[in-house]
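To start, the structure under review is shown below, and the notes come after it.
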Amino acid sequence: MPTSSYIPFNKPYLSGNETRYIEEAVRSGKISGDGMFTKRCHQFFEQQLGFTKVLLTTSCTDALEMAALLIDIQPGDEVIMPSYTFVSTPNAFVLRGARIVFADSTAENPNMDPAQLESLITPRTKAIVPVHYAGIACDMDPIMALADRHGLFVVEDAAQAIDSFYKGRALGTIGHLAAFSFHETKNIISGEGGMLAINDARFAARAEIIREKGTNRSSFFRGEVDKYGWVDYGSSFLPSDIIAAFLWAQLENLTSIQQQRKAIWQRYYETLAPLRAEGVQLPEVPDYATNNGHMFYLVCRSLEERTALISQLKEQDIHPVFHYLSLHKSPFYADKHDGRQLPQADHYTDCLLRLPLYYELTEAQQNRIAEGILAYYAHQTQPAAH
Ligand SMILES: *Cc1c(COP(=O)(O)O)cnc(C)c1O
C-alpha cells in the first residue's frame, strides 16, 4: 500500500459521472460502437472544438493505423517522423511495409526540426508525421508548405495535444489526418481510447468504411444505401459505447480539467525557474504554440544527473519518470536505420525527466516535489568549464 506521502507520476482523473453514464449506456440496450455516447462525443469535437470530422477509435495506435490505410501506404514507401516518439507512431506505418526515416528533434524541445526535413525527402517519401510532444505544437507552417511542394500527406500524432493550438488553430485540424489518445495517462481519458480527425474531405467516406471492417454500415444506418456490404479493406477500429460513455463524462469537464492542469504546470514553471541558471532546461512554449498542461519536464545536464535525481526523489516517495528511448537505436529498428546521428533525440532520451502532473496533485505536494528538486541542485556543483 502506498503511504500518504506517496506521489505517483500519474493518477487518472475521474469526474464522478463515468459509472453513471456507463450504467446509462448499459441500460439503453445498445453498447456496441457508434451508440448514443459516441455520437455525443463526436458532436462535441465537431461542434464545440471546431473539428471537421472525427471518429472515435479504440486507441491512438488504431487511429494511426487507420491513417496509414487511408493514405494507402505501400511496401517501400518512406514516412518521416521524429525518433523521439512512442512506438505506435512508426508501428502503424511499418505494419503497411513502410520504411521509417527518423528526423532529429530541435534543441528547444523534442519536436522534430522542420529545417532538417527537406533533405530527408526522396521520390519514395509518402508522408510526414509530426508529433506534438507534451502537447506543444510543432512548427506546422513550414511542414505543411514542404508537404504541399512535394505532394506528401501530413498525419499529426496529436496523442498528447488535446486543447492546444498553433497560431490559433487547434492541433489535430492542420494535417490531412490526425490521431488523438484517451489513454489513462493523457489529459482526457477513457482507460484506452483514441480518435481520428479527418481534415481532408477526400478521406471522410473511406475512414468510416475502414473503421467498420470494410463495410458501408455507417452510410446504411444514415439511410444512404439500402443494404450494407463489403466494399473495401478494413478492420474493427470502433470502441464500444461503454468507452464513449466514460469519455463523455470527461469531455463534459474539459474546461475544469484543463484549468487545473495548466495551473499545476505554471506553478512548476515558476518554482523551478532558478534551475535554468544551472543549465537545466525547462519546457518553453514558442510564440506560435500554446501549453495544454499535458506534461511538465526537465532536461537534466546528463544521464548520471537524471539517474541520481530520480533516486533521490524516490527516497522522498516522489516518482518522476523518464520518457522515450530514441527509436533509431531501438532493438527493432537500429539495423534498418540509415546510420545518421540524431544527437538531440539521444539527448532527450538520456536527460528528459517528467514530473508528476495530475488533477489531484495538491499545492503542498507540488511544493514537496519542487523543494526536492531544488535541494538536489543546491548540492550539486556546476561542471567545471574548460
Ligand atoms: C500515448 C501516445 C500514443 C499512443 O496512444 P494509445 O491511445 O495508447 O494508442 C501515440 N503517440 C504518442 C505521441 C503518445 O503520447
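For the numbers below, each heavy atom of this structure counts, side chains included, while hydrogens, waters and symmetry mates do not. Counting convention: from 1, in listed order, for ligands and their atoms alike.
Atom numbering of ligand 1 starts at 1 in the shown order; those under 4.0 Å from a heavy atom of Phe86 are 3 (C), 4 (C), 10 (C), 11 (N), 12 (C). Against a heavy-atom cut-off of under 4.0 Å, Gly193 is close to the following atoms of ligand 1: 7 (O). Contact atoms of ligand 1 toward Val131: 13 (C) (distance under 4.0 Å to a heavy atom of the residue). Atoms of ligand 1 found under 4.0 Å from any heavy atom of Ser59 (numbered from 1 in listed order, with element): 7 (O), 9 (O). Counting the atoms of ligand 1 from 1 in the order shown, those under 4.0 Å from a heavy atom of Cys60 are 4 (C), 5 (O), 6 (P), 7 (O), 9 (O), 10 (C).
Between atom CG of residue Asn292 and atom OG1 of residue Thr290 there is a gap of 6.5 Å, rounded to the nearest 0.5 Å. Between Tyr13 atom OH and Tyr358 atom OH the span is 15.5 Å, to the nearest 0.5 Å. One distance of note links NE2 of His319 with CD1 of Ile369; it measures 10.5 Å at 0.5 Å rounding. Rounding to the nearest 0.5 Å gives a distance of 8.5 Å between OG of Ser105 and CG of Asp113. To the nearest 0.5 Å, atoms CG (Leu272) and CG (Leu355) are separated by 6.5 Å.
Two rings, from Tyr324 and Tyr348, have their centers 6.0 Å or more apart. Centroid-to-centroid, the aromatic rings of Phe102 and Tyr333 come within less than 6.0 Å.
Between the choices His183, Glu65, Lys186, the shortest heavy-atom distance to atom 2 (C) of ligand 1 belongs to Lys186.
Remark: the Gln258 side chain and the Asp163 side chain contain an N/O donor-acceptor pair separated by less than 3.5 Å.
Summary of contacts: the protein heavy atom closest to atom 15 (O) of ligand 1 is Gln160 NE2, 2.8 Å. Summary of contacts: the protein heavy atom closest to atom 12 (C) of ligand 1 is Ala159 CB, 3.3 Å. For atom 7 (O) of ligand 1, the closest non-hydrogen atom on the protein side is Ser181 OG, 2.7 Å.
When heavy-atom distances to ligand 1 are checked against a 4.0 Å cut-off, Phe180 has no atom that comes that close, whether in backbone or side chain. Here Asp157 has side-chain heavy atoms under 4.0 Å from ligand 1, and that is the only part of it that gets that close.
Between Thr61 and ligand 1, an N or O atom pair is found at a separation short of 3.5 Å.
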